[in-house]
Every structure is written in C-alpha cells, then in structure tokens.
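Just so we're clear, the structure is a prediction, and the values are computed from it rather than from any experiment.
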Amino acid sequence: CQNSYSGLPMVWLMRMHGFKKLIIASVAWMVCLPLLLPAQDEIRDTEMELSEAVGEWRSAAAALDAASLKRAELQVELEDLKRAGRWFEENLHGATSDKRRPARLRRQLRKWRREVRRAEKKLAAQDRRIEDLTVAVDEARDKLDRLSFKRKYDALHRESAERVYSGYFPPANEFYYPDDEDKVLKHPPPFECRRAYDGSDPKLERHRIDLEEEPFFVYHPEHVPLFGDDEPLLRCAASLTLIEGGQYFLNLRFRIHTHQPRKAYGYLERGSRLIITFLDGTELTLRNNRLNLGQFDKKNGIVTFVGQYSLDLYAQNLLKRNMIRNVLVEWAKGYDKYPVYRIDLLANQMDCL
C-alpha cells in the first residue's frame, strides 16, 4: 500500500492476463485506497491550525512593527539628549573659565547624565525585545510555511490517488524526477551583494546603506522596432536602502525612450501606487514618497524617473519570502503593468541587508 501511490503496481497487475489477476488488483486497491487518501478530518484540522498560525504570525509581525517604531522614538530621544548635553558642557566650560561657580549648570549636567544612561538602557532593552520578536516572527512564519506545505501535499496526495484509482494511469516518464542538483531554480548561483554607499547620512545623521542598482525588468511592445543600439522602450533598475533604525526603502529608476514624456507618462506623483504581484497571487501596494518630474535628455530622447517607496514590516516579509510576477506602476497619465524577469532580485537584496 505504501508504494502503490505511484500507480506502478496497479499498472503491472492490469497488464497481466486473466480475470483472477484483475480481481486481485481491484481488491488490493479497495484495501489500499483508504490508507492512501488523507482523512477529511485531518485536512480540516490542518486548515484550522493554518488559520491559527496566520493569526499568530500577523500578531507577531504587528508587535515587531510597533517595537521598531518605539525603538526609532527612543533613538530620537537619545539624540536630543546628547545634543542638550553638548550645550551644557559648552556653557559649563565658559562659566568655569570666568572663575564662576555654575552650581545650577552642574546639577543640570548630572541630571542630564542620569537621563542619558536611562535612555540608553531603554534603547538596549528595546533592541533585545526586537530581537525576541524577530525570532517569534520567523518561528511563526516557519510554522505557517510548514502547515501550508502539509495542506498542499495532502490535497495533491488525495487528488493523485483518486485519479489513479479512477483508471487514470500516467505514463512512466512522469515518475522520473531529475536530480535536484541539476535544477537551477532550487540551487541558484549565489547573489553578489554590492553596496553603492555605506556610511553616515549627512542630513539624517544616521548610518545608511545603499545597494547598487540591479536590472529589474525591461519592457518593449510587440511590433515596435528597438531604439538605438537594440534598446527596449523601458528599462527599470531596482535597489534597496536601509537607514539606521529599521527604515527600508525600495528605489526604482525608470529609463524610457520617448520624445514626449509629459504626454505619454506625465510624472511620478507623490503617493502614486506601485502594486507588486507575487507568484502565489498575493498583492502588495506601495506608495511613492516624493514627486519626481523626471530628467529629460532631449538629444537622445530619453527620460529618467526615480521613485522611492517605503517598506513597512509586512512589505519586508513579503519581499523577503516571495518571488515577483509583475508590477503595476501608476503614472500621472495612467498606469502600466510590466512583467518581471528577475523575480528573486528584491528577495536577494533583502538578504543582503
């Protein structure tokens, strides 16, 4: 019974001659079929566990998102205290140089030092909480993936067994599976993480990491000749940015061949949508952070638009664990949907950060 899932014993018996062997095969399948088919109660229990796992994962992700926001607030509070401390030290130094006794400033400086230590302890405790919540989110996600696989496996197992029992016998070559080492999708080459910038942001005064732009997708309508040196109508490059405190951004650079950019596309409005559709059908909607009118190269007839999209914790988890099918970009003059060929680019870049 354990090996009869493949259908090969049934095929072997059916190919034998004689009414007796046909009866033996039928009786064998009547005995084995209940063992092959997952019980309906078991599938229902799996679906209930899966629903609970989804709730646990969403709760953990929401708690982690709130903890990250709290950590950013504590970081701002600590930076404000440090700036105030520099002011105290400068004034205290000026007062002592004039041979005065700035007792009030000394008391305020001691109070400031206590507040700084307290703020640093709160920030360290919040970091530990974020680490614990991150582990909880990963564990909930692993449980969710495990139950999703179990549900799909049970459904596929039941469907395949029913098909074989109903008289459908797949050809022998369907039972052959090549070695996993030969499958590029399961064993892709390692992704090279290249950083365009890794240092302190001069405006935000925080550490910032920018990954190098990588080709994301190209688009060219059918029956339209290529431009210049076999250039498509549109090229899009993508990169991710991480700012200290857990702020992630998706950067998209669109390079379009057109002599009338305002008429054809308009511009990228602030708040315009970017809808990412994954291979499993899940959709993620992002919003552009700032207006971009584009840079137009009249000589070559090329316009370049740059969009920046904030990524919350939910978006980070989706991009990290899913492959992308297509993206829909909302322009001022309308919207276009583009198929994505580097479906794992953003997942690899998330791993780099």
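Annotation: Tyr267, atom OH; neighbour count of heavy atoms from other residues, nucleotides and ligands within 6.0 Å does not exceed 12. Other residues, nucleotides and ligands contribute more than 12 heavy atoms inside 6.0 Å of the CZ atom of Arg342. More than 12 heavy atoms of other residues, nucleotides or ligands lie within 6.0 Å of CZ in Arg194, so this atom counts as buried by the packing criterion. For CD of Gln295, the number of neighbouring non-hydrogen atoms (other residues, nucleotides, ligands) closer than 6.0 Å is 12 at most.
At a threshold of 4.0 Å, the pair Glu56-Arg58 does not count as salt-bridged, since none of the basic side-chain nitrogens sits closer than that to a carboxylate oxygen. Between Arg129 and Asp132, no side-chain nitrogen of the basic residue sits less than 4.0 Å from a carboxylate oxygen of the acidic one, so the salt-bridge criterion is not met. Using a cut-off of 4.0 Å between Lys/Arg side-chain N and Asp/Glu carboxylate O, Glu231 and Arg255 are scored as salt-bridged. Ion pairing between a basic and an acidic side chain is recognised when a charged N comes within 4.0 Å of a carboxylate O; Arg253 and Glu213 show such pairing. Salt-bridge annotation for Glu244 and Arg206: absent, with no side-chain N of the basic residue lying under 4.0 Å from a carboxylate O of the acidic one. Arg208 has a carboxylate O that lies under 4.0 Å from a charged side-chain N of Asp210, or vice versa, which qualifies the two as a salt bridge.
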### Task
Begin from the C-alpha positions of Arg195 and Glu212 and carry the test side chain to side chain contact (heavy atoms under 4.5 Å, CB included) through to its verdict.
CA-CA 5 Å; Arg195 298 185 177 185; Glu212 286 189 5; over 6 Å; no
### Test log, rule side chain to side chain contact (heavy atoms under 4.5 Å, CB included), inputs Leu291 and Leu268
CA-CA 6 Å; Leu291 172 69; Leu268 278 177; over 6 Å; no
### Worked check of side chain to side chain contact (heavy atoms under 4.5 Å, CB included) between Leu250 and Thr241
CA-CA 7 Å; Leu250 169 62; Thr241 296; over 6 Å; no
### Message
Quick one, Phe191 with Cys352, criterion side chain to side chain contact (heavy atoms under 4.5 Å, CB included). Give me CA distance, side-chain angles, the key distance, then yes/no.
### Response
CA-CA 9 Å; Phe191 182 79; Cys352 290; 3.7 Å; yes
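A distance of 7.0 Å separates OG1 in Thr285 from CZ in Arg287, rounded to the nearest 0.5 Å. Atom-to-atom distance recorded for Ile276:CD1 and Leu346:CG is 6.0 Å, nearest 0.5 angstrom. For the atom pair CG of Leu242 and CG of Leu211, the computed distance is 8.5 Å after rounding to the nearest 0.5 Å. The CG atom of Leu133 lies 11.5 Å from the OG atom of Ser59; values are rounded to the nearest 0.5 Å. For the atom pair CD (Gln308) and CG (Leu286), the distance works out to 11.5 Å, reported to the nearest 0.5 Å.
Leu345 and Pro215 get closest at one heavy-atom pair: CD2-O, 3.6 Å. Of all heavy-atom pairs between Gly266 and Lys333, the closest is N-CG, 3.6 Å. Nearest heavy atoms, Arg262 versus Gly294: NH2-O, 4.4 Å. Pairing each heavy atom of Ala238 with each of Leu252, the nearest pair is CB-CD2, 3.6 Å. Residues Ile343 and Val340 share a closest heavy-atom pair of CG2-O, 3.6 Å. Pairing each heavy atom of Leu78 with each of Ala119, the nearest pair is CD1-CB, 3.9 Å.
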Pairs under 3.5 angstrom only: tabulate donor-acceptor contacts from the side chains of residues 311-329 to other protein residues two or more places apart or in another chain.
{"residue": "Asp312", "atom": "OD1", "partner": "Tyr314", "partner atom": "N", "Å": "3.4"}
{"residue": "Asp312", "atom": "OD1", "partner": "Ala315", "partner atom": "N", "Å": "2.8"}
{"residue": "Gln316", "atom": "NE2", "partner": "Leu311", "partner atom": "O", "Å": "3.1"}
{"residue": "Gln316", "atom": "NE2", "partner": "Asp312", "partner atom": "O", "Å": "3.4"}
{"residue": "Asn317", "atom": "ND2", "partner": "Leu313", "partner atom": "O", "Å": "3.0"}
{"residue": "Arg321", "atom": "NH2", "partner": "Asp138", "partner atom": "OD1", "Å": "3.4"}
{"residue": "Asn322", "atom": "ND2", "partner": "Leu318", "partner atom": "O", "Å": "3.0"}
{"residue": "Arg325", "atom": "NH2", "partner": "Leu279", "partner atom": "O", "Å": "2.8"}
{"residue": "Asn326", "atom": "OD1", "partner": "Thr277", "partner atom": "OG1", "Å": "3.3"}

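Between the side chains of Asn300 and His257, not a single donor N or O lies within less than 3.5 Å of an accepting N or O.
Hydrophobic cluster membership is shared by Leu240 and Ile209, with clusters built from Ile, Leu, Val, Met, Phe, Trp and Tyr side chains linked at under 4.5 angstrom. Put simply, Tyr197 and Phe249 are part of two different groups of oily side chains (I, L, V, M, F, W, Y) that touch within less than 4.5 Å, one to the next. Side-chain heavy atoms closer than 4.5 Å link hydrophobic residues (I, L, V, M, F, W, Y) into clusters, and following such links, even through other members, never connects Phe216 to Ile275. Note on Val306: it does not cluster hydrophobically with Ile243, by side-chain heavy-atom contacts below 4.5 Å among ILVMFWY residues. When hydrophobic clusters are built by joining Ile, Leu, Val, Met, Phe, Trp and Tyr residues whose side-chain heavy atoms come closer than 4.5 Å, directly or via intermediates, Leu69 is not grouped with Ile130.
Side-chain atoms of Asp344 do not come within 3.5 Å of backbone N or O of Ala347 as any donor-acceptor pair. Using a distance-only test at 3.5 Å, with no hydrogens or angles considered, no donor-acceptor pair links the side chain of Asp201 to the main chain of His207. Of the possible donor and acceptor atoms, none in the side chain of Arg273 sits under 3.5 Å from a partner among the backbone N and O of Glu330. Looking at Gln126, its side chain does come within 3.5 Å of a backbone N or O of Ala67 through a donor-acceptor pair.
A side-chain hydrogen bond (donor to acceptor under 3.5 Å, both in side chains) with Gln75 holds for exactly one of Arg71, Glu77, Glu73; it is Arg71. Tested against Leu234 for a side chain to side chain contact (heavy atoms under 4.5 Å, CB included), the candidates Ile256, Asp336, Val218, Thr258 yield a single pass: Ile256.
Residue pairs satisfying the ring-ring contact (aromatic ring centres under 6.0 Å, His included) criterion with at least one member in residues 326-353, sequence neighbours excluded, are listed as follows: Phe217-Tyr338, Tyr219-Tyr338, Phe254-Trp331, Tyr265-Trp331, Phe305-Trp331.
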